[in-house]
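Because the structure is a prediction, the values reported are computed rather than measured. In listed order, ligands and their atoms are each counted from 1.
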Amino acid sequence: VRISGERTAGIIGKITSLSSFEPHKQVLSLVRDPSGAIIDQVMVVFHPGPYSYTGEDLAEISCHGNPLIVDKIMDAIRQTGLARMAEKGEFSRRAFLNGKMDLLQAEAVGALIGSGTQAGFEAAQAMLRGKLSGRINALSEKIAVLLADLEASFITEDADIRDDTILSAVDDIIREIGMLLKGASYASVLRNGVTTTIAGLPNVGKSSLFNAILGYPRAIVHHEEGTTRDVLRERLGINGIDFLFHDTAGIRDTSSGPEMIGVEKTIESLRKSDLVLYVADAREGLKTEEMQWLTLCEKTIVVMNKTDLLEGRIREVPGWKTIPVSAKFHQGIDGLFTLMRETFPQDHRALLLERHAYLLGNALNDLINGREAFAAGLTADMLALDLQNALSNMRRITGQDFDEDILERIFSSFCIGK
Ligand SMILES: Nc1nc2c(ncn2[C@@H]2O[C@H](COP(=O)(O)OP(=O)(O)OP(=O)(O)O)[C@@H](O)[C@H]2O)c(=O)[nH]1
Ligand SMILES: [Mg+2]
């Protein structure tokens with residue numbers, strides 16, 4: 001149970017027998033309700049502001065792990081009349097408002113709690129330590145310096161700042177923001193794992209591949225076409241990245257009834273995926289009409305299956321990563337794993353949430369617009385205006401500029417007590 005604010009010490013004094021505290025040191029105490037009845041034996045630690053998470057006086061009570069005890073302690077605190085329940089994310093919100101962390105770091109707390117994968121966890125950790133804040137602040141600083149130089153040149157006409165110097169400085173910043181944004185598409189991957197769909201024509205061995213990947217017979221495999229109708233999902237970590245596999249119904253143009261519904265689900269699944277394993281029978285290769293299924297997802301690997309039945313060489317599909325396997329005999333699966341892992345390189349560690357990507361995108365557009373107009377001969381004060389806009393977008397990312405709305409949106413997604 002956490003309490004934050006100037007009345008914290010008073011509240012602790014009322015519900016325990018403690019009256020003075022050694023900062024940051026846990027002490028044993030009893031907690032009593034207003035009638036004096038003992039609720040629990042607890043550990044209490046007091047962090048005087050500003051040396052606490054929120055920057056205010058803050059106490060933490062560790063009780064025995066029973067929700068009933070927690071409720072009774074909460075009640076005892078409420079009945080002192082000195083505290084109310086915290087709102088969602090209010091501790092982190094106060095930490096932000098008291099300058100203990102910037103907005104990015106507050107969001108990192110949320111991302112850390114919500115991260116479902118090892119890579120997502122590490123990215124959120126880096127964000128919490130201020131890695132992204134550092135990059136954003138450095139970029140903001142560059143824009144601010146350029147803006148100052150530009151504005152100085154309006155006043156003192158002899159402060160000569162050459163056009164090509166300005167353009168190359170703007171280009172630098174544009175390039176850096178572009179690089180940051182490139183990492184953005186990985187944010188959902190880091191949070192949820194790589195959504196991977198196994199698709200292909202009926203009977204090519206999709207379910208067999210699904211089973212071979214998982215290492216146990218999860219899906220029904222049958223020599224008849226149209227075996228799989230519903231989408232089956234399973235999660236598997238491969239070298240530090242979580243993949244969420246979907247086995248789907250075979251794609252077929254002429255299907256009707258329940259099978260057609262299955263095909264629609266498959267197409268939907270392809271569109272939403274981060275990665276597609278498109279399975280084909282190695283003996284047949286890929287048919288022309290199948291090419292349309294390869295482009296529904298940004299990343300697709302063509303898996304040539306049933307190589308054990310193949311005489312001769314597999315037919316590569318130009319322009320696509322192709323890998324031979326035999327799902328039935330578990331051959332080539334390791335090679336497939338390596339290829340999948342390479343498709344999601346680890347060096348894109350910066351975790352950008354949608355809000356950051358949006359604001360970075362705005363800043364990028366401001367800079368590109370300004371640069372183009374300036375290169376086309378418009379005056380420098382127009383460029384200065386665009387730089388100001390870009391700067392304000394950047395500052396909103398870290399929360400140097402903020403409004404109530406955005407705080408509300410960010411912290412309301414937190415749980416109570418964070
Ligand atoms: N020889 C050989 N047979 C395979 C291989 N992979 C799958 N099969 C066989 O191909 C048939 C179809 O396999 P499934 O895994 O059910 O194929 P599917 O693509 O899921 O089929 P649908 O769900 O009906 O679209 C079964 O008889 C499998 O045993 C393989 O690598 N080698
Ligand atoms: Mg199947």
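Between atom CE of residue Met394 and atom CG of residue Leu367 there is a gap of 8.5 Å, rounded to the nearest 0.5 Å. Once rounded to the nearest 0.5 Å, the distance linking OG of Ser62 with CZ of Arg2 reads 11.0 Å.
In terms of polar-atom proximity, Gly205 is counted as a contact of ligand 1, with an N or O under 3.5 Å from an N or O of the ligand. Of the polar atoms of Thr307, none of the N or O atoms is found under 3.5 Å from an N or O of ligand 1, judged by distance alone. Checked against a 3.5 angstrom limit, the closest N/O atoms of Val221 and ligand 1 fall outside it. Below 3.5 Å of separation, one finds an N or O of Thr228 facing an N or O of ligand 1. In terms of polar-atom proximity, Gly226 is counted as a contact of ligand 1, with an N or O under 3.5 Å from an N or O of the ligand. Checked against a 3.5 angstrom limit, the closest N/O atoms of Val325 and ligand 1 fall outside it.
Taking the six-membered ring for Trp and the full ring otherwise, the centers of Phe91 and Phe414 sit at least 6.0 Å from each other.
A side-chain donor-acceptor contact under 3.5 Å links Thr8 to the backbone of Asp57.
Residue Thr248 does not count as close to the Mg ion (ligand 2), with no N, O or S atom under 2.8 Å. Look at Thr227 and the Mg ion (ligand 2): no N/O/S atom of the residue is under 2.8 Å from the metal.
Close approach of ligand 1 to Ser207 is summarised as follows: ligand atoms under 4.0 Å from at least one heavy atom of the residue are 15 (O), 18 (P), 20 (O). Which parts of ligand 1 touch Gly250 is read off a 4.0 Å heavy-atom cut-off, strictly below it: atoms 25 (O). Remark: ligand 1 atoms within the under-4.0 Å shell around heavy atoms of Glu225 are 24 (O).
If you check which protein heavy atom lies closest to atom 16 (O) of ligand 1, you get His222 N, 3.2 Å. Protein heavy atom at the shortest distance from atom 27 (O) of ligand 1 is His223 CA, 3.3 Å. From the protein, the heavy atom lying nearest to atom 8 (N) of ligand 1 is Lys306 CE, 3.7 Å. If you check which protein heavy atom lies closest to atom 21 (O) of ligand 1, you get Asn203 N, 3.1 Å. From the protein, the heavy atom lying nearest to atom 30 (C) of ligand 1 is Lys328 CB, 3.3 Å. Considering only non-hydrogen protein atoms, atom 18 (P) of ligand 1 sits nearest to Lys206 N, 3.4 Å. Among protein heavy atoms, the minimum distance from atom 1 (N) of ligand 1 is reached at Asp308 OD2, 2.8 Å. Of the protein's heavy atoms, Ser208 OG, 3.6 Å lies nearest to atom 13 (O) of ligand 1.
Between Lys265 and Asp230 there is a salt bridge, with a side-chain nitrogen of the basic residue lying less than 4.0 Å from a carboxylate oxygen of the acidic one. Electrostatic pairing of Lys306 and Glu284 does not count as a salt bridge here, judged by no charged N lying under 4.0 Å from a carboxylate O. Arg355 has a carboxylate O that lies under 4.0 Å from a charged side-chain N of Glu107, or vice versa, which qualifies the two as a salt bridge. Taking the charged nitrogens against the carboxylate oxygens, Glu264 and Arg271 have no contact shorter than 4.0 Å, which rules out a salt bridge.
Between Tyr51 and His24, the ring-plane angle classifies as perpendicular under the 30° and 60° cut-offs. Using cut-offs of 30° and 60° for the angle between ring planes, the Phe402 and Phe96 rings count as perpendicular.
Contact annotation for Asn305 and ligand 1: only side-chain heavy atoms (C-beta onward) come within less than 4.0 Å of the ligand.
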**Asked** Going through the checks in order, is the side-chain hydrogen bond (donor to acceptor under 3.5 Å, both in side chains) test met by Asn305 and Asp281?
**Response** CA-CA 5 Å; Asn305 188 31; Asp281 188 321; over 6 Å; no
**Request:** For side-chain hydrogen bond (donor to acceptor under 3.5 Å, both in side chains), just list the numbers for Thr54 and Ser4, CA-CA rounded to whole Å, side-chain angles, deciding distance to a tenth of an Å, and then say yes or no.
**Result:** CA-CA 7 Å; Thr54 54; Ser4 182; 2.9 Å; yes
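Shown are Ile12, Val1, Ile15; of these, the side-chain contact (heavy atoms from CB on, under 4.5 Å) with Val31 is made only by Ile15.
Residue-ligand proximity: Glu224 is placed with a non-hydrogen atom under 4.0 Å from ligand 1.
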